[in-house]
Amino acid sequence: MQANLNLDDEYFKAIVNEEISKAMKQLVTYPAVLTKEKAIEYSGFGEKRLMKTFRTFKDELDVENGGCIYYPTEGQGYKINRKGFDEFLEKHMLEIIDMKVN
């Protein structure tokens, strides 16, 4: 059995726009620069795994070497470039997941 449904373009556009609007409201947006706490939330990794990642890949991640993380000095806290962090996570995801964390 086949049914034909005739919807005019304006009605269809209204439905699609409403669904897109609902989906956009559910998205979580993150700032361009993340704190350590936001990076934990953003990456989905626990604090121990993230901190081990920061230590293990410090040479690559440190802004002083062209990386995406400003490591804390004098209690300032981490500053993490979200775009660079995305690229790093994509490149090293398997290594991070396989990392042993105590």
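Numbers here are sequence positions counted from 1.
Proximity of Thr56 to Met99: side-chain heavy atoms (C-beta onward) are separated by under 4.5 Å at one or more points. The closest side-chain heavy-atom distance from Cys68 to Val63 is not below 4.5 Å.
In this structure, Glu64 has no side-chain hydrogen bond (donor to acceptor under 3.5 Å, both in side chains) partners at least two apart in sequence or on a different chain. The side-chain hydrogen bond (donor to acceptor under 3.5 Å, both in side chains) check on Tyr78 picks up nothing, with sequence neighbours excluded. Considering only residues two or more places apart in sequence or on other chains, Glu37 meets the side-chain hydrogen bond (donor to acceptor under 3.5 Å, both in side chains) condition with none of them. In terms of the side-chain contact (heavy atoms from CB on, under 4.5 Å) criterion, residue partners of Glu47 (sequence neighbours excluded) are, by chain and number, Lys36, Ile40, Met51. Taking the side-chain contact (heavy atoms from CB on, under 4.5 Å) definition, one finds that Ile97 meets it with Phe45, Met93, sequence neighbours left out. Listed by chain and number, the residues in a side-chain contact (heavy atoms from CB on, under 4.5 Å) with Lys91 are Glu60 (sequence neighbours excluded).
By the 30° and 60° cut-offs, the orientation of the rings of Phe85 relative to Phe88 is parallel.
The neighbour count for Lys38 NZ, taken as heavy atoms of other residues, nucleotides or ligands under 6.0 Å away, does not exceed 12. Other residues, nucleotides and ligands place more than 12 heavy atoms under 6.0 Å from the CD atom of Glu19.
Panel note: side chain Tyr71, backbone Phe54; a donor-acceptor pair is recorded below 3.5 Å.
Nearest heavy-atom pair, Lys58 versus Asn65, reported as atom, atom and distance to 0.1 Å: O-ND2, 4.4 Å.
Defined by atom type and a distance below 3.5 Å, a donor-acceptor pair is missing between the side-chain atoms of Asn81 and Tyr70.
Ile80 and Tyr30 fall within the same hydrophobic cluster, defined by Ile, Leu, Val, Met, Phe, Trp and Tyr side-chain heavy atoms under 4.5 Å apart, directly or through other members.
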| Given the rule in the side chain to side chain contact (heavy atoms under 4.5 Å, CB included) test, do Arg49 and Ile96 qualify, once you have shown the distances and angles that lead to the verdict? | CA-CA 8 Å; Arg49 183 169 306 278; Ile96 297 167; 4.0 Å; yes

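Residue Ile69 holds its CD1 atom at 9.0 Å from OG1 of Thr53, rounded to the nearest 0.5 Å. Atom CG of Leu89 sits about 6.5 Å away from atom OG of Ser43, to the nearest 0.5 Å.
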